[in-house]
Amino acid sequence: MADDLLVIIPTRGRPQAVMEIVRAWHETGATADLLFAVDNDDPELDAYKREAAKFMKGGQVRFAFGKRLRLCGTLNQQAVKAAKRYRYLAFLGDDHRPRPAAMPWDERIRVCLSGGPGIVYGNDLLQGETMATAVAMTSDIVDTLGYFSPPCLVHLCMDLVWVEWGRGMGRITYLDDMVIEHLHPAAGKADVDQGYEEVNSPEQVSSDSAAYYDYRDNGGLEADLAKLRKLVAYSEGGVLNPGVTLAHNSTGAAEEVA
């Protein structure tokens with residue numbers, strides 16, 4: 001039976017990260033489902049398939065193989081599909097590692113999001129509260145917007161958008177003691193490989209930065225926040241505007257509508 005929380009990890013060129021993440025997973029006592037999303041053209045595709053073969057099909061740890069859509073595109077594709085099955089969705093990079101705590105980190109996510117639409121993130125030991133480099137949200141946000149992150153982005157600046165969504169909704173929680181460590185070269189915790197070189201190239205930084213500022217300053221962010229505020233209002237008994245779909249009931253159970 002599926003868990004109510006799915007954590008999506010787009011990954012490329014780092015098959016060794018799979019078992020490292022799974023080991024960290026088990027050390028925290030996490031019960032959430034885990035999905036590694038792998039590109040069909042990955043130079044390490046065979047190694048990823050060997051890793052996938054170690055896990056029971058349809059179990060807690062799963063793999064999806066598909067066309068390369070880059071980080072944002074892959075995350076959006078998998079999240080939109082998963083929003084029909086899961087109450088909560090989360091993103092980790094393949095260089096994130098959840099760390100043990102008094103309460104399993106995935107259970108803290110469920111508790112924080114149990115009250116309705118919202119976003120929660122923890123301490124990555126690099127950006128802290130400033131950026132949600134790993135994030136979780138209620139799946140009705142994905143249903144409402146049609147994506148987990150603005151599709152104008154490729155890789156960078158998504159972590160800024162998630163914080164702006166949460167603050168703009170008035171529904172965001174930062175958990176300083178929920179550590180999801182970011183093993184990034186900027187923290188001196190990883191070597192610069194081809195993946196880091198590609199996503200941090202001057203061209204990619206310029207492109208994603210321009211797309212982010214355009215989204216933030218020219219109506220994209222405000223349009224999304226308007227939808228999310230209506231979603232929050234509806235969850236609190238507010239009025240749903242006629243003809244506007246804010247969320248979908250995909251549970252298979254009937255709802256009482258007042």
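- The closest side-chain heavy-atom distance from V120 to Y174 is not below 4.5 Å.
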For this session: Tell me, with the steps shown, if Y48 and D46 meet side-chain hydrogen bond (donor to acceptor under 3.5 Å, both in side chains).
Result: CA-CA 5 Å; Y48 275 113; D46 289 344; over 6 Å; no
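- Residues V22 and F36 meet the side-chain proximity criterion, which asks for heavy atoms closer than 4.5 Å.
- Annotation for V161 and L153: closest pair CG2-CD1, 4.2 Å, computed over non-hydrogen atoms.
- Judged purely by distance below 3.5 Å, without hydrogens or angles, the side chains of T133 and D124 pair a donor atom with an acceptor atom.
- Residue pairs satisfying the ring-ring contact (aromatic ring centres under 6.0 Å, His included) criterion with at least one member in residues 195-225, sequence neighbours excluded, are listed as follows: H184-Y196.
- Among the candidates W162, Y86, F91, the single residue satisfying the ring pair (Phe, Tyr, Trp, His ring centres under 6.0 Å) test with F148 is W162.
- When all heavy atoms are compared, the tightest approach of L34 to L6 is N-CD1, 4.1 Å.
- A salt bridge is defined here as a Lys NZ or Arg NE, NH1 or NH2 lying under 4.0 Å from an Asp or Glu carboxylate O, and R68 with D39 meets this definition.
- Summarising the geometry of S235 relative to R171, their closest heavy-atom pair is OG-NH2, 3.9 Å, with the distance given to 0.1 Å.
- Between the S207 side chain and the Q204 main chain, no donor and acceptor come within less than 3.5 Å of each other.
- Salt-bridge annotation for E51 and R62: absent, with no side-chain N of the basic residue lying under 4.0 Å from a carboxylate O of the acidic one.
- Follow the hydrophobic side-chain contacts under 4.5 Å out from V142 and you never reach I109; the two are in separate clusters.
- With salt bridges taken as basic N to acidic carboxylate O contacts below 4.0 Å, one links E107 and R110.
- Side-chain contact check for L183 versus H96: every heavy-atom pair is 4.5 Å or farther apart.
- Across every non-hydrogen atom of Y121 and G128, the tightest pair is CE1-O, 3.8 Å.
- Here the closest non-hydrogen pair linking V192 and E197 is CG1-CG, 3.5 Å.
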